[in-house]
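Keep in mind that what you see is a predicted model, and the values were worked out from it rather than measured. Sequence positions, counted from 1, serve as the residue numbers for this chain.
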Amino acid sequence: SSAMSFSEAEVQSARGAWEKIYVDAEDNGTTVLVRMFTEHPHTKSYFTHFKGMDSAEEMKQSDQVRGHGKRVFTAINDMVQHLDNSEAFLGVVSPLGKKHATQLKIDPKNFRIICDIILQLMEEKFGGDCKASFEKVTNEICAHLNNIYKEAGW
């Protein structure tokens with residue numbers, strides 16, 4: 001279903017939670033990716049230029065890791081701005097999902113992994129309420145991405 005069911009209060013608290021972590025988009029995005037590559041090494045195989053990097057320290061310094069971390073956070077930020085507008089939200093999620101499904105061939109399970117790490121980081125830095133406010137957003141993002149993957153024949 002393309003209709004999203006966020007109350008005005010949920011939208012506001014999700015945005016408030018997201019703003020806290022988005023203030024340091026590059027650093028926090030990098031932390032999320034490094035944690036994903038370290039805890040789920042198979043995810044590195046999609047990034048040819050990260051493959052040879054084994055130490056978290058090396059990854060943290062990498063311009064490519066930092067750049068992609070920031071891109072991930074920027075994309076989520078675009079989605080967060082449109083939680084109250086399904087059509088605009090899908091306008092951000094759909095091309096992203098299609099690209100990852102058809103060109104990059106990224107297993108959609110990895111979106112859940114990255115969302116869970118973002119939630120974990122939110123909880124560590126800002127507490128359980130912050131995480132709770134954003135959980136529904138990550139579920140929504142993953143559900144939409146999974147739909148786009150199905151349409152793309154996964």
Side-chain angles (χ1 to χ4, degrees), residues 1-40 42-44 46-47 50 56 59-60 64-154:
S1 76
S2 62
M4 292 194 297
S5 51
F6 284 97
S7 69
E8 190 49 43
E10 284 174 323
V11 170
Q12 292 315 322
S13 78
R15 283 187 183 148
W18 174 250
E19 272 161 25
K20 290 180 180 172
I21 201 163
Y22 188 64
V23 170
D24 296 310
E26 189 173 315
D27 281 342
N28 286 325
T30 301
T31 299
V32 167
L33 281 189
V34 169
R35 204 174 275 192
M36 178 173 78
F37 293 148
T38 311
E39 294 171 5
H40 306 271
H42 74 273
T43 58
K44 271 203 301 189
Y46 294 109
F47 296 91
F50 304 169
M59 290 178 211
K60 273 188 197 113
Q64 277 127 333
V65 175
R66 298 190 71 79
H68 197 73
K70 186 158 192 215
R71 267 202 302 283
V72 169
F73 268 50
T74 303
I76 294 173
N77 191 57
D78 290 345
M79 296 172 202
V80 170
Q81 300 320 311
H82 298 307
L83 292 176
D84 41 12
N85 179 341
S86 294
E87 216 168 305
F89 180 88
L90 283 172
V92 178
V93 180
S94 297
L96 195 90
K98 284 196 185 92
K99 184 182 181 186
H100 281 75
T102 58
Q103 287 171 37
L104 305 170
K105 311 244 191 290
I106 307 283
D107 188 319
K109 285 195 211 60
N110 295 315
F111 295 120
R112 187 68 260 174
I113 291 174
I114 211 165
C115 281
D116 285 344
I117 295 171
I118 290 170
L119 292 173
Q120 187 184 37
L121 190 63
M122 282 180 152
E123 186 167 32
E124 285 166 19
K125 286 185 172 242
F126 311 110
D129 287 351
C130 182
K131 176 191 171 182
S133 302
F134 204 67
E135 216 149 359
K136 188 171 175 180
V137 176
T138 63
N139 293 341
E140 202 66 47
I141 292 171
C142 289
H144 283 289
L145 285 167
N146 284 330
N147 288 341
I148 293 157
Y149 266 70
K150 280 197 196 90
E151 285 162 22
W154 267 72

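The main-chain N or O of Val92 is never found under 3.5 Å from a side-chain atom of Asp78 such that the two would form a donor-acceptor pair.
Taking a 6.0 Å sphere around NZ of Lys70, one finds it holds 12 or fewer heavy atoms contributed by other residues, nucleotides or ligands.
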Next on the checklist: Pair His100, Phe111 - check ring pair (Phe, Tyr, Trp, His ring centres under 6.0 Å), show working.
Outcome noted: CA-CA 10 Å; His100 281 75; Phe111 295 120; 5.5 Å; yes
Checklist entry - Yes or no on side chain to side chain contact (heavy atoms under 4.5 Å, CB included) for Val80 and Phe134, after CA distance, side-chain angles and deciding distance? => result CA-CA 10 Å; Val80 170; Phe134 204 67; 3.7 Å; yes
Next on the checklist: Would Thr30 and Met59 count as a side chain to side chain contact (heavy atoms under 4.5 Å, CB included) here? Give the steps.
Outcome noted: CA-CA 8 Å; Thr30 301; Met59 290 178 211; over 6 Å; no
Next on the checklist: Does His68 form a ring pair (Phe, Tyr, Trp, His ring centres under 6.0 Å) with Phe50? I'd like the steps, not just the answer.
Outcome noted: CA-CA 11 Å; His68 197 73; Phe50 304 169; 7.1 Å; no
Checklist entry - Please walk me through it: do Ile118 and Phe73 pass side chain to side chain contact (heavy atoms under 4.5 Å, CB included)? => result CA-CA 10 Å; Ile118 290 170; Phe73 268 50; 4.2 Å; yes
Item to check | Full working for side chain to side chain contact (heavy atoms under 4.5 Å, CB included) between Glu39 and Ile113 | outcome: CA-CA 10 Å; Glu39 294 171 5; Ile113 291 174; over 6 Å; no
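Ile148 and Gly97 get closest at one heavy-atom pair: CG2-C, 3.8 Å. For the pair Lys20 and Phe126, the tightest heavy-atom approach, listed with the atom from each and the gap, is O-CZ, 3.5 Å.
Gln81 and Asn77 share a donor-acceptor pair across their side chains, judged by distance under 3.5 Å alone.
Between Phe37 and Phe47, the ring-plane angle classifies as perpendicular under the 30° and 60° cut-offs. Note on ring orientation: taking the six-membered ring where Trp is involved, the planes of His40 and His42 are perpendicular (angle over 60°, cut-offs 30° and 60°).
The existence of a salt bridge linking Arg15 and Asp84 is confirmed by a sub-4.0 Å separation between a basic side-chain nitrogen and an acidic carboxylate oxygen. Between Arg35 and Glu124, at least one side-chain nitrogen of the basic residue sits less than 4.0 Å from a carboxylate oxygen of the acidic one, meeting the salt-bridge criterion.
Residues forming a salt bridge (charged side-chain N to carboxylate O under 4.0 Å, His left out) with Asp129 (at least two apart in sequence, or on another chain): none.
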